[in-house]
Each structure stands twice: as structure tokens, then as C-alpha cells.
There are 2 protein chains.
Amino acid sequence: MTEAQKPGFSDCNNATLRRAARSLGRFYDDALGPSGLKSTQFGLLFQIHISDEPAMGTIAEALIMDLSALGHTLKPLIRDGYVETFADKDDRRVKRVRLTPRGEAKLDEALKLWSVAQRQFEEKVGAEQAAKLRAALDAVADLDLEMPMAAPSN
Amino acid sequence: MTEAQKPGFSDCNNATLRRAARSLGRFYDDALGPSGLKSTQFGLLFQIHISDEPAMGTIAEALIMDLSALGHTLKPLIRDGYVETFADKDDRRVKRVRLTPRGEAKLDEALKLWSVAQRQFEEKVGAEQAAKLRAALDAVADLDLEMPMAAPSN
DNA sequence: TCCAATTAGTGGCATATGCCACTTTTGCCG
DNA sequence: CGGCAAAAGTGGCATATGCCACTAATTGGA
């Protein structure tokens, strides 16, 4: 057991996941560097792009991220003019989001850089392996994990 | 292709990874909640625990995280008295880290909570699947990804 | 119709991470 | 031995994320 601490570093699924995320994140960030976008921003712009003027809550749900976190993350993108928001016509509580022309252009630019990193990665691990990994990650992300908390006895 | 945008959300390995990390992170964070530690802090304390008074750079390398980021993340733990640092005897540039008795105790407390989440997770996906996933993630994390940047021609 | 519960966001506060510019130590070499 | 490049951290600045307490709009009854 002289190597009990050698592996990734622990048996914690979460820690292992975060570690990989930091590593891969750095790689994609570097690739996107020239565009001035972080990989997270790129992902967010992309998600908005493929959606139809989604409501913030819809985006947050799709990306499994906290609604307020999404709001914060959106700020720099709005400030830089890549994204704009507007109230839903039927429900004024809802705020919808869309890319500005400038945002679409920036996304196009970033997509070119992203594809290089993506290809680079898939060459290393193999497209099929990558697809399997993504599938596994999606499965994990969508797991209905719930602490065995006291079932609301009432 | 009516579902081109339905899956996780994109083919980006990085985005998929981050999404899963947010999801799983929330789960482990909830589990660790009672201890007052975040899953990231738990992971950091654990890493320090299994190491032998590691230098900051050593920890950063093991966790594949930026050295300065580690420094920042360490602050609240130092502030709360779970960790302490001291200069290396031979190289005064090096700062070593160790858990305080209080930190060891807190880690023990957190370990109990963590194991519940860990078990819960492995019950859902299967211990073997989880192990495979961790292996895959470690492999990804340790990949020597490098932008095909101009190879230093010299 | 009017109020209680629910839904969608916002703002504030705190941690997580990175990059960059410095400062302090070392290590190395002429 | 003196000075320069490399190594290890620190601090500042900016984004990423979460939780919580609130506010504004809606919805669902009584």
C-alpha cells in the first residue's frame, strides 16, 4: 500500500472529477485564449446559441448550475456586449437571453479555436473513448443524487 | 437531429466535465454541509493529511491546480485553524503545510460525512463503474495536453 | 376577488481558480 | 565572488459558483 496516496490522489469521485476539470479546463482555456473568452463563457454562449432565447432558469437547469451563479457569470458577457436579456412577454418574472450579433460573431471565432482543442483532445484519447466519457459524465450529472435525508415524515 | 441540443448539452468534453463537476460537487457539498467544509476544502485537507508536510508546490502539482489558487484556497482553512504553514528548513523559499490537531479532528468528522455520500454515489453507479470513471478522469487529468503551439523551433 | 404559496431573478457574501507582476531565495557560471 | 536565471510564493484582479435573504410576478384556491 505504499501507493495508497499515489493515484490521482484519492478515491473521492468528486475530487477526481474536479481535478480533471481543472486540468482540462486549463487546456481549453489556453486554446480559447486568443478569443478572449474562457471555456466557461464559451460554453455558456454556445448553450444560449443552440437554445431559442432561453429563460435564465432554463439555461441554469440545462447546465446544472445555480440560477444566481448563472446571473453572475452572465454579467461580464453582457458588459462586453455578447449577450442581452429581455423580459418574457407573457411572464414578466422570466428573463430571456439571446446572443447579440457581436456575440454570434465572437462565438464563431471561438468555435474555430475550440475545435482545435477538441480535436487535439480526441486524438489523444480517441473519439470513441471521449464520447463514452462524456456519456458517463452526463449520466453522473443527471443522477438523482439525494442525501438519504430524513424523508419528510410528515 | 431534433435532439442535437438535447443531450448533456454539447460535445465539448470540457463543458461536459464541468457540468458533471457542478452536479456532483453540489451532492458532496450537501453531504459535507454539517461539517462546515466544502468538498474542495475537504479534498485539500485530505491531500495534506496523506502527504508528509508537503510544500505548497507539491500539493498544487498533485491536485493539478495553480499555485496561487492553492494559496488562496488555503487562507480560509488557515484562518479557521485547520492548517498551518512553516518554512522549509533547507530552502526558505519553500513553505510547507500541515494540518493542526484541530484540522485532523475536522477531517475525521468530515470523513464520516464524506463516506456516506461516497457510498451513496457508488450504490447508484456501481463501485466498479465509479472506479473506472475515476481511472478515466485521472488519465484525462494527467494527459500531456499541449496546444500544437509553435514548437520552440530552437 | 384577495391572500397565501410558488416561481424567477437579484444582490450580497464567501469560496474556488487562474493569470500576471513582483519579491525573495537559490543555484550556477564565468 | 558577483550577478543572472530559475524556482517558490504572494498579492491583486477577474471570473466561476453557491447559498441565502429578498423582491416582484403569478397561480391557486377560499
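Below, chain A is the first sequence line, B the second, and so on; all start at residue 1.
Separating the CZ atom of A:Arg96 from the C1' atom of D:dA25 is a distance of 15 Å, rounded to the nearest angstrom. Here the P atom of nucleotide C:dG11 and the CE atom of A:Met56 are 10 Å apart, to the nearest Å. In this entry the distance linking CG of A:Leu70 with C1' of C:dT7 reads 16 Å, nearest Å. Computed from coordinates, the A:Lys75 NZ to D:dT15 C1' distance equals 12 Å when rounded to whole Å. Between the CG atom of A:Leu63 and the P atom of D:dG18 there is a distance of 10 Å, given to the nearest Å. Counting to the nearest Å, the P atom of D:dA6 and the CG atom of B:Asp91 are 17 Å from each other. Atom NZ in A:Lys95 sits roughly 18 Å away from atom P in D:dT23 (whole-Å rounding). The nearest whole Å value for the distance from the CG atom in B:Asp66 to the P atom in D:dG11 is 15 Å.
Within the 4.0 Å cut-off from OP1 or OP2 of C:dT17, at least one side-chain nitrogen or oxygen of A:Arg18 is found. Close to D:dT27, at under 4.0 Å from its OP1 or OP2, lies no side-chain N or O of A:Arg93. Between B:Ser68 and C:dG18, a side-chain N or O to OP1/OP2 separation shorter than 4.0 Å is absent. Between B:Arg92 and the phosphate of C:dT24, there is no side-chain N or O to OP1/OP2 separation shorter than 4.0 Å. In this model, the phosphate group of C:dT15 is approached by a side-chain N or O of B:Arg79 to a distance below 4.0 Å at OP1 or OP2.
Take the nearest nucleotide of DNA chain C for A:Ala55 and for A:Ser23: the residue whose nucleotide is more 5' is A:Ala55. Between A:Pro76 and B:Gly71, the residue anchored closer to the 5' end of DNA chain D is B:Gly71, taking for each the nucleotide with the nearest heavy atom. Between A:Val94 and B:Leu67, the residue anchored nearer the 5' end of DNA chain C, judged by the nucleotide with its closest heavy atom, is A:Val94.
Under the 4.0 Å criterion applied to side-chain N and carboxylate O atoms, A:Asp138 and B:Arg19 are assigned as salt-bridge partners. For the pair B:Arg98 and B:Glu53, the salt-bridge criterion is met [side-chain N within less than 4.0 Å of a carboxylate O].
Looking only at distances, a side-chain donor or acceptor of A:Asp66 sits under 3.5 Å from a matching main-chain atom of A:Ser68.
Residue A:Arg22 places its side chain closer to C:dG18 than to any other of C:dT15, C:dG18, D:dT17. Nearest to the side-chain atoms of B:Asp30 among the listed nucleotides D:dC19, D:dT15, C:dT15 stands D:dC19.
Here the closest heavy-atom approach between residue B:Ser39 and residue B:Gly25 is recorded as OG-O, 4.2 Å.
At the heavy-atom level, A:Asp90 lies under 4.0 Å from the strands shown only through sugar-phosphate atoms.
Here the rule is side-chain hydrogen bond (donor to acceptor under 3.5 Å, both in side chains) with A:Gln118, and of B:Asn14, B:Asn13, B:Asp11 only B:Asn13 fits it.
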